*Asks:* 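Below you'll find the structure I mean.
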Amino acid sequence: MADPTPSPTPLPVFDDLRAESDELDVLVAELTPDRWTLPTPAPGWTVAHQIAHLAWTDHSALLAVTDAEGFRVLVEKALAAPDSFVDEGAEEGAKLPPAELLARWRDGRSALGRALRAAPDGARFPWYGPPMSAASMATARLMETWAHGLDIADALGVTRAATDRIRHIARLGVRTRDFAFSVHGLPAPAAPFRVELISPAGERWAYGPEGASQRVTGPALDFCLLVTQRANRADLALRAAGPDADRWLDIAQAFAGPPGTGRPARGEGTP
């Protein structure tokens, strides 16, 4: 007899999120205590702050998926201290001994992964912005894990090779075009854009109608660095055709919240 309740459809983004997290775990697992205190490009944040932030956000996402009331309370706290809520969460976790912080991050991301995989098809969960599907939640977590992993790698002097897992981030960056305009108080362009990116493996990823006059082209890695604000546009090989596309590359962001300040261009501020 067939099961009357079909199991949720497995999605590649769930596996890619786990792989991205595991790769970052390898980078920090054997760090000595003093290296957990190394400063990262985020002002005031050490390696420990970065992992603590990931653990805190994974916990928030787990509440959103499994405990709507608990998440509502969390949102109320965020609204009461919008400028400090995220930093306070990172600061609290960064004070833990590294082994305890690492265990908290591992346990939290594993629990979230199980909850996302178990979510019914079509379910949507509350978040700090619009409600999200399980796949969208996993994509957002992958984006943050990748971006904060870059910050940690910078602090450790390590270069991480890009993988095609960033396809999820690229797609999210395209989908958040209108959001980027709105958080800057600008009207979203009426016409669709064409975005053509070259993946780390050399494939072409294309989004939007082929005949669109507003276009963005370049390496997928550079586009993902841009929309996560991990690099300055001046240092990236992205090209825009059309004034709206050009403006977008100045303000793009794929993460929720107010507009970030971004990173200075290489060499900026030096004699």
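As the structure is a computational prediction, the values presented were derived from the model and not from experiment. When reading the values below, keep in mind they use all heavy atoms of this one structure, side chains included, and skip hydrogens, waters and symmetry mates.
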*Asks:* What are the two closest non-hydrogen atoms of Arg215 and Ala245, and how far apart are they?
*Replies:*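 In terms of heavy atoms, the two residues are closest at O-CB, 3.6 Å.
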*Asks:* To the closest 0.5 Å, what do you measure between CG (Asp16) and CD1 (Ile166)?
*Replies:*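 The CG atom of Asp16 sits 11.5 Å away from the CD1 atom of Ile166.
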*Asks:* Working to the nearest 0.5 angstrom, can you tell me the gap between Leu27 CG and Asp22 CG?
*Replies:*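 So the gap between those two atoms works out to 13.0 Å.
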*Asks:* Are the aromatic rings of Phe223 and Trp205 close, with centres under 6.0 Å apart?
*Replies:*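 Distance test on ring centres: not under 6.0 Å, no.
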*Asks:* In plain terms, say whether Asp15 and Arg117 are close enough for a salt bridge, that is, a side-chain N and a carboxylate O under 4.0 Å apart.
*Replies:*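 Judged by the 4.0 Å cut-off on N to carboxylate O distance, Asp15 and Arg117 do form a salt bridge.
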*Asks:* Is the distance between the ring centroids of His168 and Trp146 under 6.0 Å?
*Replies:*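 No.
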*Asks:* Does atom CD of Glu76 have more than 12 heavy-atom neighbours, drawn from other residues, nucleotides or ligands, at distances under 6.0 Å?
*Replies:*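 More than 12 within 6.0 Å, yes.
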*Asks:* Does the distance from a Lys or Arg side-chain N to an Asp or Glu carboxylate O, for Arg141 and Glu20, drop under 4.0 Å?
*Replies:*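 Answer for the salt bridge query: no.
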*Asks:* Quick one, His53 with Trp45, criterion side chain to side chain contact (heavy atoms under 4.5 Å, CB included). Give me CA distance, side-chain angles, the key distance, then yes/no.
*Replies:* CA-CA 10 Å; His53 174 69; Trp45 278 27; 3.6 Å; yes
*Asks:* Nearest 0.5 Å, please: how far is CG in Leu102 from CH2 in Trp36?
*Replies:*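 Answer rounded to 0.5 Å: 5.0 Å.
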*Asks:* Is it true that Arg18 and Asp25 make a salt bridge, defined as a side-chain N closer than 4.0 Å to a carboxylate O?
*Replies:*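 Judged by the 4.0 Å cut-off on N to carboxylate O distance, Arg18 and Asp25 do not form a salt bridge.
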*Asks:* If you count every heavy atom of other residues, nucleotides or ligands that lies below 6.0 Å from Arg230 atom CZ, does the total exceed 12?
*Replies:*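 Counting other residues, nucleotides and ligands, CZ of Arg230 exceeds 12 neighbours.
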*Asks:* Before giving the answer on side chain to side chain contact (heavy atoms under 4.5 Å, CB included), spell out for Asn232 and Asp235 the whole-Å C-alpha distance, their side-chain angles and the decisive distance to 0.1 Å.
*Replies:* CA-CA 6 Å; Asn232 190 283; Asp235 297 322; 3.9 Å; yes
*Asks:* Check the angle between the aromatic planes of Tyr128 and Trp56 and answer parallel, tilted or perpendicular using the 30° and 60° thresholds.
*Replies:*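 The arrangement is parallel - the two ring planes meet at less than 30°.
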*Asks:* Rounded to the nearest 0.5 Å, how far does CG of Leu197 lie from OG1 of Thr217?
*Replies:*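 These two atoms lie 8.5 Å from each other.
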*Asks:* Using the side chain to side chain contact (heavy atoms under 4.5 Å, CB included) rule, take Leu156 and Leu38 through it: C-alpha gap first, then chi angles, then the decisive distance, then the call.
*Replies:* CA-CA 8 Å; Leu156 299 176; Leu38 289 173; 3.8 Å; yes
*Asks:* In Å and rounded to the nearest 0.5 Å, what is the CZ to CE distance from Phe255 to Met143?
*Replies:*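 Those atoms lie 7.5 Å apart.
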*Asks:* Rounded to the nearest 0.5 Å, what's the gap from CG on Leu221 to OG1 on Thr163? Could you check?
*Replies:*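 Rounded to the nearest 0.5 Å, the CG-OG1 separation comes to 10.0 Å.
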*Asks:* Can Arg233 and Asp246 be said to form a side chain to side chain contact (heavy atoms under 4.5 Å, CB included), step by step?
*Replies:* CA-CA 11 Å; Arg233 178 184 176 182; Asp246 187 70; 2.6 Å; yes
*Asks:* Does a side-chain N-to-carboxylate-O contact under 4.0 Å join Asp151 and Arg263?
*Replies:*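 Answer for the salt bridge query: yes.
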*Asks:* On the six-membered ring of Phe193, is Arg177 placed so that its NZ or CZ lies under 6.0 angstrom from the centre and within 45° of the ring axis?
*Replies:*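 Judged by the rule (NZ or CZ under 6.0 Å from the ring centre, within 45° of its axis), Arg177 counts as positioned above Phe193.
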